[in-house]
Undergrad: 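Sharing a structure here in structure tokens format.
The basis for the numbers below is simple: all heavy atoms, side chains too, and nothing from hydrogens, waters or symmetry mates.
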Amino acid sequence: MAKKWIVPAPAPNLAAYESLIPWVDQSLKRAGLLMPPQPRPLARLMGQMLANRAIAPERAAQYFEGGADADNPFQLKGMSDAVTRIRRALKNVERIAVYGDYDVDGVSATALLMHVLTSLGANATAYIPHRVDDSYGLNNDSLHTLKSQGVQLVISVDCGVRAIAEAEYARSINLDLIITDHHAVPDTLPSTIIINARQPGCAYPFKELAGVGHAYKLAQALLLTEQRAPIRKNGSLISADALLDLVALGTVADVVSLRGENRALVRRGLARLNEPQRIGLRALIMKAGVKLGKVDAGTIGYALGPRLNAAGRMEHAKIALDLLMCTEKVYAENLATKLDEVNRERQEKTKTCVEHARATILREQMDTPIILVHDGSYSQGIVGLVASRLVDEFYRPALVVERGDEFSKGSARSIPEFNMIAALDECREIFLKYGGHAAAAGFTLQTARLPELHARLSDLARKQFDGRELAPTLRADADVSFCELDRPLLFLLDCMEPFGMENPAPLFVAHDVAVRSSRAIGKDGDHLRLTLVQHNVVREAVAFRHGKEWSGKLPPRVDIAFAFEWNEYNGTRSMQLNIKDIKPSVVLRQSSDKTE
């Protein structure tokens, strides 16, 4: 599908960003680089990128140096009550269960809280439900089992904010419950202690913490209180900073905002991931073929996260949790190998499911505003991945459902033009259980109601999409010339990391670029390697997944949308354009129009 390119107009306050020039000069000198002879264009380009991310000139240096400072955890509504209840459990040696979710956010949050509680001397156990047998979140059978095992306090992480009935059940069996969660809150909340920055009346200023972020704030509060009024009789107190590798892992993998406090936490956590102290994480990094010192947000998103997630998708998330908790090298290496194997199995099953779903769409749903495909052969562990692939290809909201004889479970993924959780709220009476975000959700319903769900959501989508052109969009930061693409700019782009949701990797557009050479690369010729020239400046480029589309078909001059990055190969580091989209040059298109 052809992409729309959107390049914003120059920000009206670009001149104000020239105040960055002294900071840029000092930063480049520390890095052994020289400020360009004409610093104003560089400052204005940086200013445009910052303005696009709503970073004001006075906050720019803080942004480059790591982000906002953390806020007091006791500003979170429910935190004081939660800490009081947990400390009572510690004093009385009550059995505590940390009840997590089976994705990376939930597993990393579970590991984090277990590390803190055990360091405080707690009698604690971890519980993560099975994706298929138990479904998402708190459930009564699991709560009953924990109660029968002597658990007196359950602390949920990354789940529970919609578990009204389950909270009532816990109360009925005298099982205390603390919910920590980051998902969208319903109109009516469970009647128990809740830590969720999004809940009404919560004064915590940053609302975008992931599940593991909320677990980290609870850990911070417990450690601060322990320092002031110790309960432990011996042993050293764990440092909150030592938990930041887990915070980075779960925050990036859950694709939450990388603005504000999240960005600061992830940046500090990545530093710890590049010098990993956890034996399990070191083993996973090595198994993924990632060099220590080269772990970034992309590594989590495309290498570490998928392997950890594969456990919960294909078998049981306990494998991933055991890896994060592991203290024995050989066992950690075995677990990392197991996760690698499970991830390969996940990749194959996802590919098969995508092909089946795609055929169904092409045959039956090309004219529907929203995609809903279901089949008994679909695995619940991969339906979310399949939905994401369908959204990428068809640019419509997609629901993919593992169909059962009586009940079905599915995952939904959406586009910016359609708030999925708001749409599911409109159909709430159809579901037995549901929850999620604007962009992603999960649900359970009676199989017989699948046609009704598709019809209701399609009606909502038609109304929202009426008169709107739906097409995938590339939002660039600025039009640039090749002469602006130099080492100082690359250094400053590195300072903008980590990249992710709401802090995307900068994207640029260059017009009327000459193609000096191009060749297909990759095992199946799926990619392109190019040499491009503009105004006598030569730049090397790569275009992933564009080989079959453009190999041998490129016009002599093109417009390109691209990321500017370092390319490291065989120990050599060079500048490279990573092309995201290619179009015939607008100059050629205009000439063609005149000829016609």
Side-chain angles (χ1 to χ4, degrees), residues 1-14 17 42 44-56 59-60 63-64 208 252 255-260 262-263 296-298 301-302 388-389 391-397 413-420 437-440 464-465 467-482 484-485 489-490 492-513 541-546 549 558-565 576-586 589:
M1 183 179 293
K3 296 181 176 67
K4 294 188 296 184
W5 296 5
I6 296 178
V7 182
N13 61 336
L14 281 184
Y17 289 95
L42 176 61
R44 290 205 167 209
L45 179 56
M46 295 306 301
Q48 184 66 51
M49 289 188 282
L50 294 171
N52 293 343
R53 289 158 182 76
I55 308 296
R59 292 176 48 226
Y63 168 83
F64 281 125
E208 305 297 329
V252 174
V255 199
V256 297
S257 170
L258 283 190
R259 298 284 298 274
N262 278 349
R263 184 167 179 271
D296 59 14
Y302 295 104
S388 293
R389 303 281 177 84
V391 170
D392 288 344
E393 179 172 358
F394 295 100
Y395 203 73
R396 278 180 283 162
R413 299 293 184 269
S414 197
I415 58 178
E417 294 87 348
F418 190 80
N419 185 318
M420 183 58 72
H437 310 281
Q464 290 193 35
F465 298 158
R468 302 178 72 175
E469 178 189 357
L470 295 183
T473 300
L474 282 177
R475 297 184 180 275
D477 280 282
D479 281 310
V480 297
S481 297
F482 278 12
E484 298 178 84
L485 306 176
L489 176 59
L490 268 179
L492 293 171
L493 294 180
D494 287 344
C495 293
M496 295 177 68
E497 294 194 34
F499 299 128
M501 180 68 69
E502 297 188 1
N503 187 45
L507 187 71
F508 304 108
V509 167
H511 294 285
D512 199 29
V513 174
V542 64
F544 294 109
R545 295 176 297 279
H546 286 282
E549 178 186 2
V558 294
D559 297 337
I560 56 172
F562 64 94
F564 185 40
E565 62 188 23
Q576 173 178 270
L577 313 186
N578 186 336
I579 295 178
K580 306 300 182 181
D581 201 19
I582 307 173
K583 294 180 180 181
S585 168
V586 67
R589 294 200 301 271

Undergrad: Using side-chain heavy atoms (C-beta onward) and a distance below 4.5 Å, is Val480 in contact with Leu489?
TA: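 Of all side-chain heavy-atom pairs linking Leu489 with Val480, none is under 4.5 Å.
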
Undergrad: Could you pull out the closest heavy-atom pair between Ile582 and Ala543, with the gap in Å?
TA: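 In terms of heavy atoms, the two residues are closest at CD1-CB, 4.4 Å.
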
Undergrad: When you measure from the side chain of Lys583 to the backbone N and O of Lys3, does any donor-acceptor pair fall under 3.5 Å?
TA: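 Yes.
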
Undergrad: Kindly write out the residues that satisfy salt bridge (Lys or Arg N to Asp or Glu O under 4.0 Å) with Arg44, not counting sequence neighbours, or none if the list is empty.
TA: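 Partners of Arg44 under the salt bridge (Lys or Arg N to Asp or Glu O under 4.0 Å) test: Glu18.
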
Undergrad: For the atom pair CG (Asn262) and CG (Asn503), what is the distance rounded to the nearest 0.5 Å?
TA: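 The CG atom of Asn503 is 11.0 Å from CG of Asn262, to the nearest 0.5 Å.
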
Undergrad: Say you draw a straight line from OH of Tyr395 to CD of Glu417; how long is it, rounded to the nearest 0.5 Å?
TA: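 Tyr395 OH to Glu417 CD: 3.5 Å, rounded to 0.5 Å.
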
Undergrad: Of the non-hydrogen atoms in Gly47 and Tyr17, which two are nearest, and what is the gap between them?
TA: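 The pair with the smallest heavy-atom distance is CA-CG, 3.4 Å.
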
Undergrad: Within 45° of the axis and under 6.0 Å from the centre of the six-membered ring of Phe465, does NZ or CZ of Arg396 qualify?
TA: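 Geometry flag: not set, cation outside 6.0 Å or 45°.
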
Undergrad: Identify the two heavy atoms, one from Phe482 and one from Leu577, that lie closest to each other, and give their separation to 0.1 Å.
TA: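 Nearest pair, atom of Phe482 first, then Leu577: CZ-CD1, 3.7 Å.
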
Undergrad: Holding to side-chain contact (heavy atoms from CB on, under 4.5 Å), I want the full list of residues that pass it with Ser481, two or more places apart in sequence or in another chain.
TA: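 side-chain contact (heavy atoms from CB on, under 4.5 Å) list for Ser481, sorted by chain: Cys483, Glu484, Gln534, His535.
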
Undergrad: Taking salt bridge (Lys or Arg N to Asp or Glu O under 4.0 Å) as the test, write out the residues that go with Arg53, two or more places apart.
TA: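 Partners of Arg53 by the salt bridge (Lys or Arg N to Asp or Glu O under 4.0 Å) criterion, ordered by chain and then number, come out as Asp477.
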
Undergrad: Of all the heavy-atom pairs spanning Val252 and Gly301, show the shortest one and how long it is.
TA: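 Answer, listing the atom of Val252 first, then Gly301: CG1-N, 4.3 Å.
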
Undergrad: Any donor-acceptor pair under 3.5 Å linking the side chain of His437 with the backbone of Met420?
TA: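 The answer is no, because no donor-acceptor pair under 3.5 Å joins these two groups.
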
Undergrad: Find the distance between CZ (Phe564) and CG (Leu507) and round it off to the nearest 0.5 Å.
TA: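 Answer rounded to 0.5 Å: 13.5 Å.
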
Undergrad: Taking side chain as C-beta onward, heavy atoms only, is Glu208 less than 4.5 Å from Leu258?
TA: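 Result no, sub-4.5 Å side-chain heavy-atom pair not found.
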
Undergrad: Check the orientation of Phe562 and Phe508. Use parallel for under 30°, tilted for 30 to 60°, and perpendicular for over 60°.
TA: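 Tilted.
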
Undergrad: Indicate the atoms forming the closest heavy-atom contact of Met49 with Pro506, along with that distance.
TA: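 The pair with the smallest heavy-atom distance is SD-CB, 3.6 Å.
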
Undergrad: Do the side chains of Val256 and Glu502 get nearer than 4.5 Å, heavy atoms only?
TA: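 Side chain of Glu502 against side chain of Val256, heavy atoms only: no contact under 4.5 Å found.
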
Undergrad: Out of curiosity, Arg259 CZ to Tyr63 OH, how far, rounded to the nearest 0.5 Å?
TA: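 Going from CZ on Arg259 over to OH on Tyr63, the span is 8.0 Å.
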
Undergrad: Evaluate the side-chain proximity of Ile415 to Pro397: yes if any heavy-atom separation is below 4.5 Å, no if none is.
TA: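 The answer is yes; the side chains approach within 4.5 Å.
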
Undergrad: Flag the pair Ile55 / Phe64 as yes when at least one side-chain heavy-atom distance between them is below 4.5 Å, and no otherwise.
TA: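 Contact flag for Ile55/Phe64 side chains = no.
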
Undergrad: If you take all heavy atoms of Ala60 and Leu50, which pair is closest and at what distance?
TA: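 Looking at all heavy atoms of both residues, the closest pair is CB-CD1, 3.7 Å.
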
Undergrad: Taking Arg263 for the side chain and Glu497 for the main chain, is one N or O donor matched with an acceptor at less than 3.5 Å?
TA: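 Answer holds: yes.
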
Undergrad: Which value, rounded to the nearest 0.5 Å, describes the distance between Arg389 atom CZ and Arg413 atom CZ?
TA: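 That separation rounds to 11.5 Å.
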
Undergrad: Can you list the steps and then say if Leu492 with Leu45 is a side chain to side chain contact (heavy atoms under 4.5 Å, CB included)?
TA: CA-CA 11 Å; Leu492 293 171; Leu45 179 56; over 6 Å; no

Undergrad: Any donor-acceptor pair under 3.5 Å linking the side chain of Asp559 with the backbone of Val586?
TA: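 It does hold such a pair.
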
Undergrad: Just how far is it from atom NZ of Lys4 to atom CZ of Arg475, taken to the nearest 0.5 Å?
TA: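 So the gap between those two atoms works out to 7.5 Å.
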
